[in-house]
Protein chains: 2
Amino acid sequence: MSNDSDLKRLGLKATGPRLKILEMFEQGATRHYTAEDIYKTLTDDGFDIGIATVYRVLTQFESAGLITKHRFEDGRAIYELNDGDHHDHVVCVQCGRVEEFVDQEIEKRQHEIATRLGYVITDHSLSIYGVCQHCQTHKN
Amino acid sequence: MSNDSDLKRLGLKATGPRLKILEMFEQGATRHYTAEDIYKTLTDDGFDIGIATVYRVLTQFESAGLITKHRFEDGRAIYELNDGDHHDHVVCVQCGRVEEFVDQEIEKRQHEIATRLGYVITDHSLSIYGVCQHCQTHKN
DNA sequence: GTCTAGATGAGAAAGCTTCTCATTTTCAAT
DNA sequence: ATTGAAAATGAGAAGCTTTCTCATCTAGAC
């Protein structure tokens, strides 16, 4: 099991909760999870874990650069595997579906703007909100 | 007082709390306020208001299109006067300073991306996080 | 001035997240 | 394999922001 050594390399003990959560990110159907999603999925699966542990592990994984944290308009935090390449999000305001995209031109202009205003950029987040194709046709 | 009639035109009674809050947005030193900011400023000023009222009024103002709500990475909501023209934000991660900018090219590309993915865009938010010039020199 | 729908303030409560602490587990050294 | 110390866990308490409830109060039409 290579996740085991991945964690150890980060100075984290390879415990059940950590392995399970990492596994979820790597093999899950979707890429984006709230802490609640993870807690629910694992406990429904019969795996005994506390919500506090979920939050703790997510924070550690984020510090370690393993995952990335976003925050959408509803205020809840969303986590996703950090696969190295940056991307932004399109969120369906009706069904919550999340899609990703990258646009080099937008990236470039962001840096130009930050520089012009005298900022040293550390991060940025762009989210587009809209109604997805599916929700447009299946109106309710 | 024209704010009085502004509110009435929106179907809102011109009450003390509403007038005070609207005034803050119009004449305040900064453009961006959290609910807490508003509550603190007004009560420190000797104006008696409840935090619940602040939230209620902000929600109403937002529904009425008078102000706009954003959410930065710390999860708290920030409100600003809606002056019609859209803009994005650069936030200093150290001192919390917020600056605004608009970039037509970024705006345009966002719409293209949403359309390409089949979304009908309703909103979008772009925030750049970094360290402002002041915080770069006055390190602590 | 009176009346009524609407607004308010206080406190309770909800939702997400973090903290505390007693117990348990990992893992390096035996 | 056993041990021991440091680290991790789960449960519940608690913190923060935001919303809800409800008795009281007020704006504005008459």
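Chain letters run A, B, ... following the sequence lines, proteins first, then strands; residues in each count from 1. These figures come from a predicted structure and were not determined experimentally.
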Whole angstrom value for the distance that separates [atom2] of [N] from [atom1] of [X]:
| X | N | atom1 | atom2 | value |
| --- | --- | --- | --- | --- |
| A:Y39 | C:dT17 | OH | P | 14 Å |
| A:H70 | C:dT17 | NE2 | C1' | 18 Å |
| B:I51 | C:dG9 | CD1 | C1' | 12 Å |
| B:D74 | C:dT17 | CG | C1' | 13 Å |

- Item | Electrostatic pair B:K20:B:D45 at N-O distance under 4.0 angstrom |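 Salt bridge absent between B:K20 and B:D45.
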
- Residues B:R76 and B:E36 bridged, charged N to O under 4.0 Å: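 Here B:R76 does not pair with B:E36 in a salt bridge, since their nearest N and O are not under 4.0 Å apart.
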
- Hey, which of these two, A:D48 or B:T59, hits DNA chain D nearer its 5' end, going by closest nucleotide?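 Between the two, 5'-proximity favours A:D48.
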
- Query: Mapping B:K69 and A:T53 onto DNA chain D by nearest heavy atom, which one lands closer to the 5' end?
  - Reply: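 This one resolves to A:T53.
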
- Task: List in chain and number order the residues that pass side-chain hydrogen bond (donor to acceptor under 3.5 Å, both in side chains) with A:T34, two or more places apart in sequence or in another chain; answer none if no residue qualifies.
- Result: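 A:T34 satisfies side-chain hydrogen bond (donor to acceptor under 3.5 Å, both in side chains) with A:D37 only.
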
- Task: Describe the nucleic acid contact of A:I49 in one word from base, sugar-phosphate, nothing, applying a heavy-atom distance below 4.0 Å.
- Result: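 Sugar-phosphate, backbone atoms only, no base.
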
- Task: Give one of base, sugar-phosphate or nothing for A:R18, where a contact means two heavy atoms less than 4.0 Å apart.
- Result: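 Contact class for A:R18: sugar-phosphate only.
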
- Evaluate the ring planes of B:Y129 and B:F72, with Trp represented by its six-membered ring, and classify them as parallel (under 30°), tilted (30 to 60°) or perpendicular (over 60°).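 Answer is perpendicular, since the angle exceeds 60°.
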
- Message: I need the B:D103 CG to B:R109 CZ distance, nearest 0.5 Å.
- Response: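 Going from CG on B:D103 over to CZ on B:R109, the span is 10.5 Å.
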
- To the nearest 0.5 Å, how far apart are CD in A:E107 and CD in A:E105?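 Rounded to the nearest 0.5 Å, the CD-CD separation comes out at 10.5 Å.
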
- Message: Go through it in stages, so that I can follow the logic: the residues are B:L42 and B:I21, the test is side-chain contact (heavy atoms from CB on, under 4.5 Å), and I'd like the CA-CA distance, side-chain angles, deciding distance and then a yes or no.
- Response: CA-CA 8 Å; B:L42 293 182; B:I21 292 176; 3.9 Å; yes

- Any A:Y55 side-chain N or O less than 4.0 Å from OP1/OP2 of C:dT17: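 So the side-chain polar atoms of A:Y55 do come within 4.0 Å of the phosphate oxygens OP1 or OP2 of C:dT17, strictly under.
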
I'd like a table of atom pairs between the protein and nucleotides 26-30 of chain C - only N or O on both sides, under 3.5 Å - with the distance next to each one.
residue : atom : partner : partner atom : Å
C:dT26  : O2   : A:K13   : NZ           : 3.1
C:dC27  : OP1  : A:A14   : N            : 2.9

- Query: Run the side-chain hydrogen bond (donor to acceptor under 3.5 Å, both in side chains) check on B:T53 and B:R56 step by step: do they pass?
  - Reply: CA-CA 5 Å; B:T53 301; B:R56 251 185 320 234; 3.1 Å; yes

- Message: Need to verify one output field. Residue with the more 5' nearest nucleotide on DNA chain C, A:A35 or A:R56?
- Response: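 By nearest-heavy-atom nucleotide position, the 5'-most residue is A:A35.
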
- Item | Nucleotide interval of DNA chain D bounded by contacts with chain A (heavy-atom cut-off, under 4.0 Å) |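 Footprint of chain A along DNA chain D, 5' to 3': D:dA6 to D:dG12.
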
- Option among A:R97, A:H70, A:H89 that satisfies the side-chain hydrogen bond (donor to acceptor under 3.5 Å, both in side chains) test with A:H32: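 Between A:H32 and the candidates, side-chain hydrogen bond (donor to acceptor under 3.5 Å, both in side chains) is satisfied uniquely by A:H89.
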
